[in-house]
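Everything below concerns the one structure shown next.
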Amino acid sequence: MAEHELLAATATETAGLIADGVVSSDECLNAWLDRAAEDRLNGYLWKADRAAAMRGVDPDSGAPGAGVPVAVKDIFCTTGVPTTAGSRILEGYIPPYTSTALSRLSASGMPMIGKTNMDEFAMGSSNENSAYGPVLNPWDHGRVPGGSSGGSAAVVAGRLAPWALGTDTGGSIRQPAALCGIVGLKPTYGAISRYGMIAFASSLDQCGPLTRDVTDAALMLSRLQGRDEMDSTSVGIEGGVELPSAVDLNGLRFGIPADLIGEGLEAGVRKVFEQTTAAIERLGGSIESIALPHSDHGISAYYVLAPAEASTNLARYDGVRYGMRESEDDLVSMYEETRGAGFGPEVKRRIMLGTYALSSGYYEAYYGRAQRVRTMIVRDFDKAFGQVDFVVTPTSPTVAFGLGEKTGDPWTMYLNDLYTVPMSLAGIPAISIPAGTAGPAGGGPELPVGFQIAAPAFAEQSLLEAAFALEREIGFEQEPQEVER
Ligand code: GLN
């Protein structure tokens, strides 16, 4: 089998080729390790050799997906392998244990190709907050891949990995998937164990697949999900996940939150969104207008809650237990200098915001109020799902923007998360699929546009079925042109 055919296959197709003996799992791993070695996107922070890739992997598992190598966001702890979470403060940290999510993929026979670049502690929407340099978008090297799982998205879109594992706290799987023209699924909060996933905002963090297509997302999810004794918030879902097969959307109702689709939405993105809702109707689905009246407060609530949780989660990086240590003169200067030198500006901003929001005297006004807004957003979705089966929006208000374009203004950067944050606050599953391309507002090459579908908690199977039928109807086949700058 020619190597370019192997590299063009989806993960599910590759698993089939291995199972049928067309290609051996060894050949497959070698081909992908060679590809990863050619990374020009700064997508990988660490690359495996054969021995490291196979550590903990059961090559004869016979499980679905066995033999297909996977790239892993550098936020998952990996025994014996550096894990930085994109931060200087964890430089040199080698965890003594492996996250449950990755252990499950290894047990299913999937070798790990490498650890992917990311925004520091998963805080960001462009990957420009990585301490190890930005990731380049494979469609246009002058643009961001999205974030925070930008490395995972770029290596899949740039054919440097068959598929990848990412995490999503407020959009970090879906938004980079959209900006890179691939599929990204954030499962229901609790569907997959968070054990060994470095914490950003624990009530929101959830891992999930970044893949070439919806079938691959279903396949990886089926290997990942389930109850884990090591994470009390993980839930065992009955019945598992099947590979989707729906051919139409007959009788299904899709709701558009009228109050969210407006300001800040690029004309090209709006056009692709409208074409996609027309495709839903061609498949027999109906489009209805729904109200999510509190979702436009989602960003404000999220940017209080997530920093609040981050400020406590990141208190552990003090020079004592993990990674770097600056100054050993006395305890306080060690804390201060380690944290001063180890954290980047966005992480510091959020620790300050979060600490302030949690301080006595301000707690009720900020954290308490944001929690109440979160509850209202949850109720809005509950009500909407009484009327429709799915909620649909664009994934991101814009296509991939230029490197450096939004770094000067955090608020503009935060607005990228307008459509993804409400689902995170509600804990419900949502998928982004590539729906077409559009030119950026300021002119430039055609870039991918993502379409987001959200479903009620634990309705992953029907979400995947709907996304699968729609994906076929859209027929998105474009490949990155790798415009170099
Ligand atoms: N962009 C959002 C943030 O900066 C979401 C990040 C994420 O989902 N990890 O917090």
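Count residues from 1 along the sequence. Remember, it's 1-based here, ligands and their atoms both numbered in the order they're listed.
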Task: Heavy-atom gap Met413 to ligand 1 smaller than 4.0 Å - done: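 Under 4.0 Å: no for Met413.
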
Open item on the list: Does the residue Tyr414 have a heavy-atom contact with ligand 1, meaning some pair of atoms that are separated by less than 4.0 Å?
Closed with: no

Open item on the list: If you define the side chain from C-beta out and look only at heavy atoms, does anything of Leu210 sit under 4.5 Å from Val183?
Closed with: no

Task: Contact atoms of ligand 1, heavy-atom distance to Gly170 under 4.0 Å - done: 5 (C), 7 (C), 8 (O)

- [ ] Report, in ascending order of atom number, the atoms of ligand 1 lying under 4.0 Å from any heavy atom of Phe200.
- [x]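 Within the 4.0 Å cut-off of Phe200, ligand 1 contributes 9 (N), 10 (O).
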
Any N/O of [X] closer than 3.5 Å to an N/O of ligand 1?
| X | result |
| --- | --- |
| Thr167 | no |
| Gly171 | yes |
| Ala122 | yes |
| Gly124 | yes |

In the protein, which heavy atom is nearest to [atom], and how far is it?
| atom | result |
| --- | --- |
| atom 6 (C) of ligand 1 | Ser172 OG, 2.8 Å |
| atom 3 (C) of ligand 1 | Tyr303 OH, 3.1 Å |
| atom 5 (C) of ligand 1 | Tyr302 OH, 3.2 Å |

Any ion pair linking [Y] and [X] (charged N to carboxylate O, less than 4.0 Å)?
| X | Y | answer |
| --- | --- | --- |
| Glu266 | Arg270 | no |
| Arg40 | Glu482 | no |
| Glu274 | Lys271 | no |
| Lys115 | Asp74 | yes |

Between [X] and ligand 1, which residue portion shows a heavy-atom distance shorter than 4.0 Å: side chain, backbone, both, or neither?
| X | value |
| --- | --- |
| Lys73 | neither |
| Ser148 | side chain |
| Phe121 | neither |
| Asp417 | side chain |

- [ ] Heavy atoms only: give me the nearest Phe381-Ser295 pair and the separation to one decimal.
- [x] CE1-OG, 4.4 Å

- [ ] Please report the C-alpha distance between Thr188 and Ile428 in whole Å, then the side-chain angles of each, then the deciding distance to 0.1 Å, and finally whether the side-chain contact (heavy atoms from CB on, under 4.5 Å) criterion is met.
- [x] CA-CA 5 Å; Thr188 308; Ile428 59 175; 5.9 Å; no

Open item on the list: Taking the cut-offs as 6.0 angstrom to the six-membered ring centre and 45 degrees off its axis, would you call Lys406 and Phe401 a cation-pi pair?
Closed with: yes

TODO: For this output row, return yes or no: ring centroids of Tyr317 and Phe121 closer than 6.0 angstrom.
DONE: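 So the answer is yes for these two rings.
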
- [ ] Measure up the Tyr195 and Tyr97 rings against each other and bin them: parallel (under 30°), tilted (30 to 60°), perpendicular (over 60°).
- [x] tilted

